[in-house]
Amino acid sequence: MTTAGQVIRCKAAVAWESGKPLSIEDVEVAPPQKDEVRIKILFTSLCHTDVYFWDAKGQDPLFPRILGHEAGGIVESVGEGVTDLQPGDHVLPIFTGECKECRHCLSEESNMCDLLRINTDRGTMIHDGKSRFSINGKPIYHFLGTSTFSEYTVVHVGQVAKINPSAPLDKVCVLSCGISTGFGATVNVAKPKNGQSVAVFGLGAVGLAAAEGARVSGASRIIGVDLNPNRFEEAKKFGVTEFVNPKDHNKPVQEVIAEMTGGGVDRSVECTGSIQAMISAFECVHDGWGVAVLVGVPNKDDAFKTHPMNLLNERTLKGTFFGNYKPRSHIPGVVEKYMNNELELDKFITHSVPFSEINKAFEYMLRGEGLRCMIRMDA
Ligand code: NAD
Ligand code: ZN
């Protein structure tokens, strides 16, 4: 029996208001419209961005909403105009898209698609400005165009990466956001050469993915910097060779790193969101060739301050979004890296819960416990 073209009734975890536990509800999911795909989600994991928008501090709250953007699933049906995906395809929905037609998509250098670039305020589909989710006829808003905390979801085709069907979705699911961001920041942007030293600021999932990128690139030293000493033990599994806690020193951490490395590291990747760490990450790279890459999302009023001499002395400062990956063109290849044992993912998945206990995943993250919690939709 096919469900294509019909409304599907299924379970979804709905955020009714900010900061309150999600509640599992029966929702109706409309069929995909033009350029849309309906996906059966099998696994989803929790990322900080979900918690940030659930908490809704410092932004316009939009509720009721179905959160979730790190996931893996199978295409159930496709809407009009969708030619490169079909039912049964294994896919990762991605929070930022690739239309393949705009100036950014046509440029080799950019992944900042004009049409489908991340939009945290939008709660409906682009095609008609409507939601595909409802309860008793009342719309429930989308989140990041993905809303993966649902057994079925509808996503724009430009936000869907088609991947190798033999890849385990309960593992590669984490490539749909944080891990690709950190890994890509190192391998696509910082680009350390074999034998070079890399400093990683912030040892959460994104920073440890940046460290994994440094390990894969053959870095000789990986210096982890974090204010939370509990992060250091976990980081050893990620090839981090030395640890610096800025709190243990009475001088700026960039000076500590310069002393440890004879003038500075070759590359640094900042994954904290702290403006102080961003400045230190830039000032700790070696003059002449050092490259610093900013990944963390700063506060609204932050300003980056450094002496221009630091740049004239031939240091480079860069920033990146989603590790510079184009979701449809590049993410399938990152999945292949995992399949070929060129990239480890299992060590990022520290917890696992059935969908009915999704609120536990929020508790782990709020307590800063572990890295990624896998949420199993079939359980
Ligand atoms: P996380 O909270 O798990 O980890 C951040 C770590 O940074 C923590 O361990 C914290 O103790 C440490 N930290 C905070 N301030 C510090 C400082 N001054 N010096 C040293 N360490 C410090 O977060 P995460 O999920 O790993 O995400 C990291 C950052 O990346 C966040 O800002 C997130 O918003 C951002 N992010 C950016 C993109 C992008 O495309 N640019 C995508 C995803 C996430
Ligand atoms: Zn585009």
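Predicted model only: the values in this text are computed from it and were never measured. The first residue of the sequence shown is numbered 1, and numbering continues consecutively from there. First listed ligand is number 1; within each ligand, the first listed atom is number 1.
Arg328 CZ to Leu85 CG: the interatomic distance, rounded to the nearest 0.5 Å, is 7.0 Å.
Identified under the ring-ring contact (aromatic ring centres under 6.0 Å, His included) test for residues 99-123, with sequence neighbours left out: none.
Counted by atom type alone, Glu25 and Ser23 present one or more donor-acceptor pairs between their side chains at under 3.5 Å.
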Considering only N or O atoms, set out every pair between ligand 1 and the protein closer than 3.5 Å, with distances to one decimal place.
from, atom 1, to, atom 2, distance (Å)
ligand 1, 2 (O), His48, ND1, 3.4
ligand 1, 9 (O), Asp226, OD1, 3.3
ligand 1, 9 (O), Asp226, OD2, 2.7
ligand 1, 9 (O), Arg231, NE, 3.1
ligand 1, 11 (O), Asp226, OD1, 2.6
ligand 1, 18 (N), Ser274, OG, 3.1
ligand 1, 23 (O), His48, ND1, 3.4
ligand 1, 25 (O), His48, ND1, 3.4
ligand 1, 26 (O), Ala205, N, 3.3
ligand 1, 26 (O), Val206, N, 3.1
ligand 1, 32 (O), Val297, N, 3.1
ligand 1, 40 (O), Phe322, N, 2.8
ligand 1, 41 (N), Val295, O, 2.9
ligand 1, 41 (N), Thr320, O, 3.1

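Taking the six-membered ring where the residue is Trp, Phe232 and Phe243 present tilted rings, their angle falling between 30° and 60°. Ring geometry for His286 versus Trp289: interplanar angle under 30°, hence parallel rather than tilted (30 to 60°).
Geometry at the Zn ion (ligand 2): SG/Cys105 and SG/Cys99 form an angle of 110°, nearest 10 degrees.
Proximity of the aromatic rings of Phe95 and Phe143 is defined here by a centroid distance below 6.0 angstrom, and this criterion is not met.
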